[in-house]
Amino acid sequence: MLFSEKLIDWYSINLRDLPWRATQDPYKIWLSEIVLQQTRVVQGMPYYLQFLERFPTVFDLAEAKEDEVLKLWQGLGYYSRARNLHATAQYIAQEKNGIFPQTAKELKKLKGVGEYTAHAIASFCFREPVAVLDGNVFRVLSRVFGVNDEIDTPAGKRIFKDLAQKLLDSEKPDLYNQAIMEFGALQCTPKAPLCNVCPFMQKCVAYQNQMIGDLPRKKKKVKVKEEHINYLVLVDNNGNTFMKQRTQKGIWRNLFEFPRLESEFANGVSEGLNETIRLKSLENQNVELTAFYPKPVKHLLSHRKLFIQFYIGMVTDYSAFASLSKKYHIVQNIHTFAVPVVIERFIGASDFFNS
DNA sequence: AAGGCGGGGTC
DNA sequence: GACCCAGCCTT
């Protein structure tokens, strides 16, 4: 029995009922694939449903402001996905009359659509015989066929790409691609795979050689950089505060944040300072700042370890902060702005913005 | 070829 | 703490 046949048999019994599997609409498939990049199904699901509810068609998404798209994306991470999603929606709506490309080659030209996503859309929507290659597929192929090439190098990727394409059922590329990813997600999991009930138990090279824990192989390990951030939260009794959009390239681009003490005052506060301080240089207002948390919040990202403290300064008259007002928005309803999760949690924990 | 880019789950 | 998740983009 062919690998693809056995795989599809397994899938027909074990598949999950996921909303994007009930359609071949390129808009919905495309949306689901962008949402699910480097994201677990359970985490992406509510975002997918909310985006479809707010933006039923690509035209609705195209007409929205990017800020609203980012707000709806808030908490999902990798925010370039949201910016590219919006840009591509505008391109499809305005330049292509709302019609998505129908081949993998053309799909890949869209912003935010790489080889994986192009193959996924092309196979699911148009049955083009192109194999997907994602984290699940790398894992399944490396184990079943004993491929120990590194999955994060161009040379290794080429090996897997060729093998994946060779195994693909060209008559049912949609079903096959769904099946192999589902198999990786539910059966051939990274830790504690269900080998004792696996249909490939007999032929699986990794299982027969007790190499399950060694495959797939990877080369690089991400380096985690530490960073200390001190936010200046000047707030009045009505919950007004200063914020600025991060327009530079890099982390949290186009999201909003509070002024950073370091950027406003050369001699700001020391890292993790935990006491009441006075900043007499602050527009001559002599505002008293108090650390909100007893110690800085640790916020972990894949590539960074952030230590963040929020300094609260109660003010009565915003008009007194002239120079700050030039660089920062006076935010009256903070809940409408897209912010990083660590700031959202602070907002929820404080009383200043939840009257 | 290497590094940047989020946040959350699991062991 | 280490690894992973329906990856993509820039340098």
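So that the names make sense, note that chain A is the first sequence line, chain B the second, and so on, each numbered from 1. Model, not experiment: these values are computed from the prediction.
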Exercise. For A/Asp152 and A/Ala192, take the nucleotide of DNA chain B holding the closest heavy atom to each; which residue's nucleotide lies nearer the 5' end?
Worked result: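 This one resolves to A/Asp152.
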
Exercise. Relative to the 5' end of DNA chain B, which residue comes earlier, A/Lys221 or A/Leu300, by the nucleotide with the nearest heavy atom?
Worked result: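 Residue closer to the 5' terminus by nearest nucleotide: A/Lys221.
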
Throw together a table of side-chain donor-acceptor distances under 3.5 angstrom for residues 298-307 of chain A, partners on residues two or more places apart or in other chains.
unit_1   : atom_1 : unit_2   : atom_2 : d
A/Arg304 : NH1    : A/Glu227 : OE1    : 2.8

[N] OP1/OP2 closer than 4.0 Å to side-chain N/O of [X]:
X	N	result
A/Lys225	B/dG4	yes
A/Arg83	B/dC5	no
A/His303	B/dC5	yes
A/Trp252	B/dG7	yes

Can you classify the ring geometry of [X] versus [Y] as parallel (below 30°), tilted (30 to 60°) or perpendicular (above 60°)?
X	Y	answer
A/His329	A/Phe256	tilted
A/Phe138	A/Phe160	perpendicular
A/Phe3	A/Phe145	perpendicular

Exercise. What ring pair (Phe, Tyr, Trp, His ring centres under 6.0 Å) pairs are there with at least one residue in residues 97-132 of chain A, not counting sequence neighbours?
Worked result: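 Passing the test, one end in residues 97-132 of chain A: A/Trp30-A/Phe100.
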
Name the nucleic acid region contacted by [X], choosing base, sugar-phosphate or nothing; use a 4.0 angstrom heavy-atom cut-off, strictly under.
X	answer
A/Arg304	sugar-phosphate
A/Gly44	nothing
A/Lys157	nothing

Exercise. Between A/Glu257 and A/Arg246, is there a side-chain N and carboxylate O pair less than 4.0 Å apart?
Worked result: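 Yes, A/Glu257 and A/Arg246 are salt-bridged.
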
Problem set entry | Letter per nucleotide, 5' to 3', of nucleotides 4-11 of chain C [B base touched, S only sugar-phosphate touched, - untouched; heavy atoms, 4.0 Å] | BBBBSSSS

